[in-house]
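Taking it in order: structure first as structure tokens, then the write-up.
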Amino acid sequence: MTKRSSLAPNRPGPSKVARAWEILAVPVVVTLLSLLVGAVVILGSELIVTGRKFDPFLWFTAYAALVQGAFGGTDAIVSTLVYTTPLVFGGLAVAFGFKAGLFNIGAQGQFLVGALGAVIVGVALADAPAPIAIVAATMAGIIAGGLWGFIPGFLKAVSGAHEVVSTIMLNYVAVQLLAALVSGPLKVPKSPSPVTYDVGNAAYPIVIGGTGHIGIILAIVAAGFVWWLLFRTTWGFEIRSVGANPDAARYAGMRPKLLTIATMTFSGGLAGLAGTSVLLGVTHSMTSAFGTTVGFDSIAVALLARSNPIGVVAAALLFGSMRAGAGLMQINAGIPVELVDVLQATILLFLVASPVLRRVLRLRGVQAGIAETAATNALGTEPTD
Amino acid sequence: MTDETGPTLAPALEMRGITKRYPGVIANDGISLQVRPGEIHALLGENGAGKTTLMNVLYGLATPDEGEILLDGQPVAISGPADAIARGINMVHQHFMLVPVLSVAENILLGDETMANRIFLDRREARRRIVELGRRFGFEIDPDAKVGSLSVGWQQRVEILKALYRKARILVLDEPTAVLTPQETEEIFGVLRRLAGEGHSIVFISHKLYEVLEIADRITVIRRGRVVGERLPSATDEDDLAELMVGREVQLTVDRGVSHPAGPVLQIRGLEARDDRGQAAVRGVDLEVRAGEIFGIAGVAGNGQDELVEAIVGLRRPSAGTVSLAGQDVTGRSPRKMNEAGVAYVPADRHRFGLILSFPLADNLVLTSYYRKPYARGIVRDPKAILRDATTTIERYDIRTPAATVRASTLSGGNQQKAVVAREFDRDLELLVLDQPTRGLDVGSIEFIHRQVIAKRDAGTAVLLVSAELDEVLEMSDRIGVMFGGRIVAVLDGRTADKNEVGLLMATGGAERVAALAATSA
Amino acid sequence: SSSATAVPIATAAPTTAPTTAASTAPAATASAAPSSAATPAPSFAQMPNLKIGVVTDIGTLDDKGYNEFSFKGAQDGAIAIGVTDPVPSIVPKDASEYAADIQQFVSQKYDVIVTVGFNLTAATVSAAHANPKIRFVGVDQSPECITPAGANDAAFACKGVPATALPNYTSLYFAEDQAGYLAGIVAAYADKGAPTPTGVIGAIGGTTLCAPCVRYIQGYGLGAKSVNPAIVVKSAYVTHDFSNAAFNDPAGGKAFAQTFIQANKPDVLFQVAGKTGNGVIEAACAANIYGIGVDVDQWLSLGAPANACIITSAEKHVESAVAQAIESIAGGTLAAGDILFNAKNDGISAADFHDKASLFGPAVTTALQTALAAMQAGTLQTCPTTGCGVYAP
Amino acid sequence: MDLTPFINGLYGIPVFGVLLQVIGYLVAVIPPNAPNIMQQATPLALAALCGVLCERSGVVNIGIEGTMLAAAFTAWVVGVAIQPMFGTPNPSDIFGITIPLIISLAAGVGVAMAISALHAWLSISLRADQIISGTIINIAAVGLTGYLNQLISQNSPAGAGEFARFVPPTALTNLPGIGWILAMLLNQGPISISVIVLVIGTQLWLFRSRWGLRTRAVGEHPRAAETVGIDVIRVRYRNVILGGAFAGLAGAFLSIEATNSFQDDMTAGRGFIALAAMIMGRWTPIGSFGAALLFATFLQLGQVINISPPSGELGTIMASVPPQLFDALPYILTIVILAGVVGRSIPPAADGQPYEREAAT
Ligand SMILES: Nc1ncnc2c1ncn2[C@@H]1O[C@H](COP(=O)(O)OP(=O)(O)OP(=O)(O)O)[C@@H](O)[C@H]1O
Ligand SMILES: Nc1ncnc2c1ncn2[C@@H]1O[C@H](COP(=O)(O)OP(=O)(O)OP(=O)(O)O)[C@@H](O)[C@H]1O
Ligand SMILES: [Mg+2]
Ligand SMILES: [Mg+2]
């Protein structure tokens with residue numbers, strides 16, 4: 001990592017407006033630029049598509065719908081929160097790994113296995129008292145996801161198998177595991193297509209609006225907890241130490257291998273919780289088509305948040321609101337949902353290019369851009385010994 | 001080559017008013033320097049004085065803010081290392097610029113390859129050239145050996161060969177002797193004299209004053225980025241140079257006082273350990289360090305010292321033998337257990353082991369005690385207690401830093417080392433293990449650390465000191481073990497040991513030479 | 001208004017009931033029969049401009065399958081009843097989105113919501129239960145199970161009668177086994193007529209977990225054997241899950257088919273794997289054997305040169321079924337409950353031979369007509385009595 | 001202890017029998033399917049070569065997946081656009097080459113190189129986090145190709161066709177012992193045939209050429225390379241952009257050689273599996289190719305079991321487990337091999353670290 005002098009030259013304090021501009025300029029300009037790119041994509045594609053009337057303001061319709069779908073009214077906001085919830089858990093999972101120098105591409109698989117754990121126990125306890133059923137099913141989801149994270153952690157610690165490879169592979173295995181169980185032992189016998197029973201009492205109670213389940217609150221709590229764990233406990237200190245310098249960690253009496261296993265397990269548990277929150281909070285049962293893009297979106301969320309747990313909440317909210325608004329955008333403007341991906345990518349792109357932006361905007365504040373995360377570290381670091 | 005030693009000739013190299021600023025630091029502040037053809041010109045200065053920066057400017061690695069460079073009287077603008085090399089300037093860098101996974105030949109030829117055709121390398125020709133080049137300067141070198149598997153001394157030779165291969169007119173050597181034995185240093189000096197005799201100009205940087213006095217034709221001393229004096233070796237001495245460098249009088253030799261050794265603290269029997277590549281590095285070491293004494297281990301780097309030390313402190317599992325502490329067998333205990341048993345360890349590589357550079361200084365000061373009271377209650381850390389103690393430690397050990405909360409990476413090397421020392425020294429100890437505690441530090445910092453070590457000894461701690469700096473071992477130790485080929489080949493009295501004798505033992509292993517050589521080459 | 005053109009499906013619906021016994025999973029038959037005593041569905045006959053929205057399954061709108069033709073059907077229906085607004089669609093990104101996407105249309109006060117695919121069943125039933133004023137049409141969501149109260153029945157006890165308890169919900173489903181049966185007849189004749197008949201025909205499905213795929217292939221086998229009892233029918237499924245490989249990976253489908261052809265040496269290959277299956281057809285053509293398309297007339301939809309070896313396709317008329325449903329809604333005649341589309345109501349067919357007609361003699365046409373007549377009469381078994389739609393290795 | 005012989009006696013023989021059956025089955029099914037294995041390995045191997053070139057010079061590229069996808073889309077869509085201009089295709093005898101096909105291929109490769117140049121700019125010049133940069137490429141590629149494909153494919157256009165396979169003379173492919181290997185390598189389209197050439201070429205080039213030597217030096221110790229006058233930035237740019245060409249070939253293979261179509265997300269994670277192959281192959285072209293081939297073999301095996309399961313005891317055993325196990329087989333075996341045989345593989349020392357010219361030592 002680059003060193004930066006703490007001895008920045010003293011300048012007379014700028015006015016409040018100027019200071020606010022220094023802080024807000026980049027996010028604001030990045031958002032505007034991304035929207036601009038999106039508008040260009042929309043206009044350009046209008047020219048390609050035949051058989052539709054050219055509408056020079058289609059982009060406006062689209063953005064208006066996107067915002068309205070995400071924030072226009074209670075239903076929309078709740079829906080945004082529901083979409084945000086698994087992204088918070090997933091983003092925390094990936095960020096947590098980054099902090100220990102591990103790149104967990106396996107959030108995808110851990111999500112599925114976590115949901116699987118939740119549905120197994122949830123269905124079994126469908127008639128049990130709700131508090132018991134909910135807690136047990138949630139725990140099962142965390143444990144199942146954790147187990148799926150434990151495997152690559154254990155393999156890395158024992159044989160040095162690179163976690164990037166093993167987690168990618170386990171993502172595929174998870175899909176098969178899910179299909180085998182949902183079409184096999186978990187299948188409702190009478191159903192014509194593979195589907196599990198409903199989780200009944202294990203379903204998360206609704207706390208806000210029509211669909212806002214308790215997982216939303218759980219996500220906020222989890223973010224706080226992860227922050228506390230990382231920055232206020234000795235375990236967090238050890239994990240961050242191993243991530244930053246495994247040799248020094250070993251020197252200091254920490255046990256990098258054990259921490260690698262623990263971190264991957266915990267990260268897997270968080271990703272499992274993402275799956276659990278979707279299953280118990282939204283779908284309540286599982287079809288064999290149960291799939292997700294949360295795992296990969298989580299990587300982007302963690303990167304955008306620069307692996308900071310609190311930042312993860314904000315980044316997840318951004319991504320979640322786009323997902324929530326995408327439906328209305330498709331209805332009102334007929335814009336394919338993929339535009340959301342384009343927007344997300346351009347936001348990341350302009351943030352990465354923010355040094356250039358700063359130059360263009362003549363901003364001077366020395367600020368570590370998004371470029372500085374532990375992410376790349378994660379690929380380079382090897383466990384010692 | 002023409003005879004061009006006359007004083008009327010233009011200097012081969014002239015640097016005029018070079019100024020280079022880094023954020024918050026003026027590394028070079030209007031430095032001027034003249035180097036004549038055929039001259040060995042020494043550059044002296046404490047850590048951070050700006051020596052390396054000046055040479056980086058010359059080599060095109062740094063762009064000066066002001067000033068100009070003249071070669072043979074002609075002003076030139078050096079755009080980068082490639083340009084510098086093309087102009088006949090070459091540099092042996094302070095930190096190895098070698099690629100460990102490449103072979104000796106590949107490292108030497110890199111950037112100036114022998115080609116079989118436009119695309120592919122001619123590896124046979126490359127080998128031939130390297131062997132020939134080595135012979136010319138008296139090194140018998142295997143061109144196919146991986147550089148990473150060579151000892152530090154040999155790596156240094158490769159660095160020098162690399163520069164020689166490029167047929168430099170102006171050769172810069174930035175602390176080339178820091179890791180060499182006296183004998184190896186002499187060998188290199190022979191080469192330098194010969195080159196100078198052939199008319200090459202040499203800029204030589206070192207912290208070892210006697211070396212400078214021996215080799216240099218002229219000496220320039222810089223302090224805080226400015227030239228503070230120029231001397232001829234005949235008209236100066238070590239004390240004068242030291243004072244010029246630091247700006248005050250410095251005590252160059254340690255006043256170690258008398259020691260009062262008590263019972264044995266550390267006992268090692270038949271210890272064996274392997275290095276990271278699985279090769280035997282420590283081959284049966286017997287050793288005893290008593291309370292209140294400093295046991296120094298002298299040896300050329302790469303003779304198993306690091307592995308020995310790591311095996312003692314629990315970072316490396318011994319493959320045979322025992323380690324006991326105060327009569328208790330502690331073989332194979334974890335670093336944590338050893339630490340709790342009263343063993344402190346100052347590692348050789350402070351960036352790799354000693355510190356987490358991206359963490360705040362305060363966190364680094366509790367790196368080995370973060371989990372204990374008062375820094376943690378259960379698993380919950382107490383940031384207030386950590387910060388409070390950090391502040392007092394910073395004061396007591398005079399660590400120069402704006403705050404306890406800055407990243408450790410922003411501290412200078414000397415202050416980073418002080419932080420490690422402060423952390424490790426600041427409690428009651430049974431055994432103190434020091435590996436190269438003053439590597440790369442200037443005389444002021446060295447003085448400080450040496451005093452702390454003596455104080456620990458006098459408090460009854462057993463001290464094991466490993467250093468490639470022979471003078472340091474000789475000055476500090478009550479007893480000296482010479483390590484060669486993974487064995488302690490001799491144990492001498494620290495007060496009577498003769499420098500040349502120890503140097504010879506370090507280089508050859510003495511009586512065991514033949515056997516050890518056979519073993520290492522196997 | 002223009003709704004006069006709508007086909008009154010309601011009158012046809014009761015007559016479809018008996019055919020389910022012969023063609024689909026028997027378990028649900030009893031409850032699947034729409035009751036004529038249904039509470040009247042909300043009537044839109046007077047509405048000038050219906051708002052119609054479509055929620056598809058995961059995937060894309062251009063999948064040449066359910067998503068695409070359901071959507072087209074909704075558009076056709078809208079045009080037929082004079083709706084001028086475009087028909088919007090939402091393509092979910094994953095399974096957790098179904099309910100939210102339906103809710104989007106609910107919030108926007110849509111009158112008719114078409115949802116596509118079995119996977120959306122639970123979400124659709126719940127939404128229908130919660131929004132009795134909105135008319136829901138589910139494609140491929142049958143036979144449906146609900147509780148007597150009209151909510152989704154997760155245990156598939158099927159205590160409720162959908163048509164009674166959920167008067168605003170109609171599900172459309174198809175007798176794929178009948179279409180497969182017809183394709184099997186053609187395949188058997190093609191095998192006979194091949195230059196060097198191997199006596200083997202093949203079928204490749206996308207995933208064993210897709211019941212309609214399995215029905216297609218089960219019908220295909222029975223159809224072929226009805227022509228040539230000695231014929232060997234080999235089948236395999238690309239995956240056993242719902243990953244991309246099942247329906248969205250033509251390269252993988254082609255590789256799979258090559259292996260299949262290599263191992264089994266079939267003369268004809270029937271694809272039941274969506275876009276993955278397009279790769280199957282490519283492999284068949286490359287290996288100089290015949291291909292049979294699925295769902296729509298792929299000779300037309302794939303076009304030249306990809307269709308070079310396609311002899312026919314097993315069609316189910318999703319597009320017209322959805323369009324008819326929309327028209328009936330406008331006409332106020334769409335019955336609640338399940339509607340089976342089969343040979344009787346022109347819900348399935350075998351596609352035209354196009355340029356391959358010369359391969360076949362009149363015997364094929366006769367055999368097809370006979371089979372079709374028997375299907376309409378309800379006398380032809382096109383799916384195994386037990387395990388129809390269930391994969392068995 | 002003394003129970004061991006007893007247990008062995010009990011289980012040893014049947015286990016041994018099943019093992020023999022497994023080997024017999026493998027010998028029976030692998031040679032005839034070898035060309036298919038090569039088909040599956042092709043995109044993986046090419047993408048892994050991209051990874052090798054990038055990472056050997058010190059740039060992590062997890063955007064290979066997106067780069068491939070964009071190349072696949074471009075190759076196909078350019079074919080769609082230009083095919084009408086060239087009238088009825090008149091494929092040549094070798095590989096069914098037509099002018100539109102060549103243009104499509106060039107377009108696919110070109111786009112991949114352009115995307116790689118973006119990655120280079122972000123991660124080398126702007127010194128952005130390389131994982132972020134790669135992630136941007138992945139997200140943007142899925143989004144843009146999916147978006148445009150939705151719009152374009154509404155008209156169901158046909159592409160420019162596809163490359164045909166070379167049919168090697170049976171005299172070669174019937175050679176005992178090696179015939180099937182020749183068939184595997186030669187009974188392929190042009191991109192697939194080129195793989196073996198490219199792999200060997202890249203191997204030689206990386207370890208025997210000047211560029212290769214400099215690349216490795218830059219990836220291991222960029223500062224050392226700079227001090228001998230090598231332009232670190234330029235070396236990295238060149239490698240990343242050249243690597244993009246390989247990713248482009250991999251993508252084009254999917255849409256104009258393996259099939260003639262584009263589907264959303266049609267790379268289906270192959271770019272990530274290629275990264276795994278690169279790591280398993282210890283960052284060498286030949287090693288990565290071996291890993292890709294191994295993976296493809298497992299993949300093929302999973303399908304063969306699916307299509308023609310073995311008979312006898314082995315078949316009975318296999319029929320008793322869920323079929324998903326065999327679909328998961330390639331992934332499980334990869335993990336087993338990685339953990340059991342390959343173990344720790346060490347990346348180039350400067351992999352993933354941005355290089356700053358005037359860095360403090
Ligand atoms: N790239 C850089 N960025 C910022 N500051 C730098 C950089 N390089 C050197 N410096 C600063 O410039 C000053 C001079 O450093 P330099 O390396 O030239 O000292 P030196 O005389 O070679 O010391 P030493 O004896 O320790 O090698 C130091 O304060 C150092 O921190
Ligand atoms: N790359 C860099 N970027 C910014 N500041 C730097 C950099 N390197 C060093 N510095 C700053 O320059 C100062 C001097 O650093 P340096 O390591 O050269 O100290 P020094 O003078 O050699 O001290 P010591 O003798 O203790 O080693 C430090 O305060 C450090 O913060
Ligand atoms: Mg220094
Ligand atoms: Mg220096």
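Below, chains carry the letters A, B, ... as their sequence lines are ordered, and counting in each starts from 1.
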Report task. Quick one: which residue pairs count as a salt bridge (charged side-chain N to carboxylate O under 4.0 Å, His left out) with a foot in residues 287-302 of chain D, not counting sequence neighbours? Result ->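 Of all non-adjacent pairs touching residues 287-302 of chain D, none passes salt bridge (charged side-chain N to carboxylate O under 4.0 Å, His left out).
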Rounded to the nearest 0.5 Å, how far does [atom2] of [Y] lie from [atom1] of [X]?
X	Y	atom1	atom2	answer
D:L118	A:L349	CG	CG	6.0 Å
A:I335	D:Y147	CD1	OH	4.0 Å
D:D264	A:E338	CG	CD	5.5 Å

Query - D:Y331: partners by ring pair (Phe, Tyr, Trp, His ring centres under 6.0 Å), with sequence neighbours left out - result: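 Result, ring pair (Phe, Tyr, Trp, His ring centres under 6.0 Å) vs D:Y331: A:Y172, D:F295.
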Quick check: do [X] and [Y] have side-chain heavy atoms less than 4.5 Å from each other?
X	Y	answer
A:V356	D:W121	yes
D:D129	A:V352	no
D:Q324	A:S183	yes
A:F103	D:I62	yes

Report task. Below 4.5 Å from any heavy atom of chain A, which atoms of D:A268 appear? Answer side chain, backbone, both or neither. Result ->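 Just its backbone gets close to chain A.
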All N/O donor-acceptor pairs, side-chain side in residues 65-74 of chain D, below 3.5 Å, sequence neighbours left out:
unit_1	atom_1	unit_2	atom_2	d
D:E65	OE1	D:R270	N	3.3
D:E65	OE1	D:G271	N	2.6
D:E65	OE2	D:T267	OG1	2.9
D:E65	OE2	D:G269	N	2.8
D:T67	OG1	D:G63	O	2.7
D:T74	OG1	D:A70	O	2.6

Counting only non-hydrogen atoms closer than 4.5 Å, does [X] touch chain D with its backbone (N, CA, C, O), its side chain (CB onward), both, or neither?
X	answer
A:L155	side chain
A:V337	neither
A:L170	both

Query raised in the report: Considering the options D:I332, D:L338, D:I335, which one meets the side chain to side chain contact (heavy atoms under 4.5 Å, CB included) requirement together with A:M169?
Result: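 Testing A:M169 for a side chain to side chain contact (heavy atoms under 4.5 Å, CB included) against D:I332, D:L338, D:I335 leaves exactly one candidate, D:I335.
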**Report entry** Option that, when pairs with chain D are counted at under 4.5 Å, heavy atom only, ranks first among A:I42, A:L177, A:I151, A:V158
**Finding:**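 Going by pairs under 4.5 Å, I would pick A:I42.
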Query raised in the report: Most heavy-atom pairs under 4.5 angstrom with chain A, which of D:L325, D:L275, D:I273?
Result: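 Heavy-atom pair counts peak at D:I273.
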Query - Greatest number of heavy atom pairs closer than 4.5 Å to chain A - which of D:A276, D:S133, D:A350, D:P330 - result: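 With the most close heavy-atom pairs to chain A, the winner is D:A276.
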Query raised in the report: For chain A, which residues from residues 134-144 of chain D have at least one heavy atom closer than 4.5 Å to it?
Result: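 Under the 4.5 Å heavy-atom cut-off, D:T135, D:I136, D:I139, D:A140, D:V142, D:G143, D:L144 qualify.
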